[in-house]
Amino acid sequence: TVLGNTGDQFEVPNAKLGAEHIQAAELGVRVRLGGAKLVVAGYYNTVRDFIDRAAVPAAEFATYGIEPSGLGCGAFGDAKCKTVSRRVNLGDASILGGELTLRGPQWLGIRPWATASWLQGNSTANGLTQPLRRAPPLNGLFGVRWASGNDAFYVEPWLRAAADQDRLNSGATKDLRICEDPAKPGAPLASGTCAGTAGWLTLNLRAGWRWAAPLPGVKAVRVDAEGGNLLDARYRVHGSGVDGAGRGVSLRGAVEF
């Protein structure tokens, strides 16, 4: 664990922290038919001795050399002081999730594909059940690839997307990476007003050309280009402290010997 400011609170280490104990069950199906492929999997995990955060009594602050300035306030007890916490084995948790991978059959050089994942978890401690901290929302990728008959040229538009994440742990409502007040940078939104992380979608495109070069010792020359977030959407992955990358273009070249 760490010692210092972690964004929403000040964390100190715990030498007595123990391991979590996890029981996991998973069931999956894989189907191949006519050039198409489908993989669906679901899982359910239960966790004992779940690792979570617990507040540290003010009487122990001196043990860690904590000063009010490190908590962002002028004196202990000030409402502006960040909470001091440490990781402990606290209660139980459960996680239910699923994943999907799909590759369609090829028709006239066109092949669709998609991947998606979904997860929902809860933790229970001291009689309180709440959503898991920083659990990702439903998210995935979808694309369509066209390749020439000899695979010398391909074009592939694809989308990356995530749904809203409004199932928030109580700690997330104080996390500036998720619930910062845009009108008051450095301060969380008022209690009960944080909507979580908004859903988003990016449009992307990649293309490439492979030339079987008639040169001594050279098998082929390859050029690949990729454009990311072409619509310059502003988005943030849930739990991240920075916005995702804006519009960008890359070009790569390679020689095969």
Side-chain angles (χ1 to χ4, degrees), residues 1-24 45-95 119-137 165-198 234-245:
T1 58
V2 299
L3 172 62
N5 188 341
T6 59
D8 58 329
Q9 51 195 298
F10 191 98
E11 189 170 327
V12 297
N14 179 9
K16 297 180 180 179
L17 187 66
E20 294 180 326
H21 297 82
I22 302 173
Q23 292 181 310
N45 298 345
T46 59
V47 187
R48 289 187 295 107
D49 301 320
F50 180 67
I51 295 176
D52 207 344
R53 290 171 170 170
V56 175
E60 297 183 27
F61 288 2
T63 304
Y64 300 99
I66 299 173
E67 298 291 341
S69 58
L71 305 183
C73 55
F76 293 133
D78 191 321
K80 294 182 179 180
C81 288
K82 290 184 180 294
T83 300
V84 179
S85 66
R86 60 187 161 212
R87 309 268 174 156
V88 297
N89 298 101
L90 187 68
D92 305 303
S94 62
I95 303 170
L119 178 152
Q120 185 166 304
N122 295 293
S123 61
T124 301
N126 300 322
L128 174 64
T129 298
Q130 58 181 326
L132 280 182
R133 186 180 181 84
R134 287 200 292 273
Q165 179 52 291
D166 52 10
R167 297 188 76 249
L168 301 180
N169 179 282
S170 59
T173 62
K174 303 173 185 177
D175 193 329
L176 299 181
R177 290 165 292 192
I178 300 171
C179 293
E180 183 176 25
D181 187 342
K184 299 177 181 179
L189 289 162
S191 177
T193 63
C194 180
T197 302
R234 185 170 183 175
Y235 71 96
R236 181 169 292 193
V237 175
H238 183 65
S240 172
V242 296
D243 287 344

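Distance check: Leu168 CG to His238 NE2 gives 6.0 Å after rounding to the nearest 0.5 Å. The distance from the CG atom of Asn122 to the CZ atom of Arg167 is 5.0 Å, given to the nearest 0.5 Å. Between Leu90 atom CG and Leu17 atom CG the span is 11.0 Å, to the nearest 0.5 Å.
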message = Let's go through Thr197 and Val237 carefully: what are the C-alpha distance in whole Å and the side-chain angles of both, what is the deciding distance for side-chain contact (heavy atoms from CB on, under 4.5 Å) to 0.1 Å, and is it a yes or a no?
response = CA-CA 8 Å; Thr197 302; Val237 175; over 6 Å; no

key: side-chain contact (heavy atoms from CB on, under 4.5 Å) assessment of Asp92 paired with Thr46   = CA-CA 7 Å; Asp92 305 303; Thr46 59; over 6 Å; no

task = Would you sort out whether Asn89 and His21 count as a side-chain contact (heavy atoms from CB on, under 4.5 Å), showing the intermediate values?
result = CA-CA 10 Å; Asn89 298 101; His21 297 82; over 6 Å; no

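Side-chain atoms of Glu180 do not come within 3.5 Å of backbone N or O of Pro182 as any donor-acceptor pair. Of the possible polar contacts, one joining the Asp175 side chain to the Arg177 backbone as a donor-acceptor pair under 3.5 Å is found.
A salt bridge links Arg236 to Asp243: at least one charged side-chain nitrogen sits closer than 4.0 Å to a carboxylate oxygen.
Counting all heavy atoms, side chain and backbone alike, Asp52 lies closest to Ser123 at OD2-OG, 4.3 Å. Annotation for Gln130 and Ser170: closest pair OE1-N, 2.8 Å, computed over non-hydrogen atoms. Heavy atoms only, all atoms of each residue included: Leu189 and Cys194 are closest at CD1-CA, 3.8 Å. The two residues Ala93 and Leu132 have their closest heavy-atom pair at CB-CD2, 4.3 Å. The two atoms that bring Pro188 and Thr173 nearest to each other are CB-O, 3.8 Å, heavy atoms only. In plain terms, the two heavy atoms of Arg87 and Asn14 that are nearest each other are O-ND2, 2.9 Å.
Glu20 pairs by the side chain to side chain contact (heavy atoms under 4.5 Å, CB included) definition with Ile22, Val47, Phe50, Ile51, not counting sequence neighbours.
Side chains of Ile178 and Arg134 form a contact here, defined as non-hydrogen atoms less than 4.5 Å apart. Between Val12 and Ile66 there is a side-chain heavy-atom pair separated by less than 4.5 Å.
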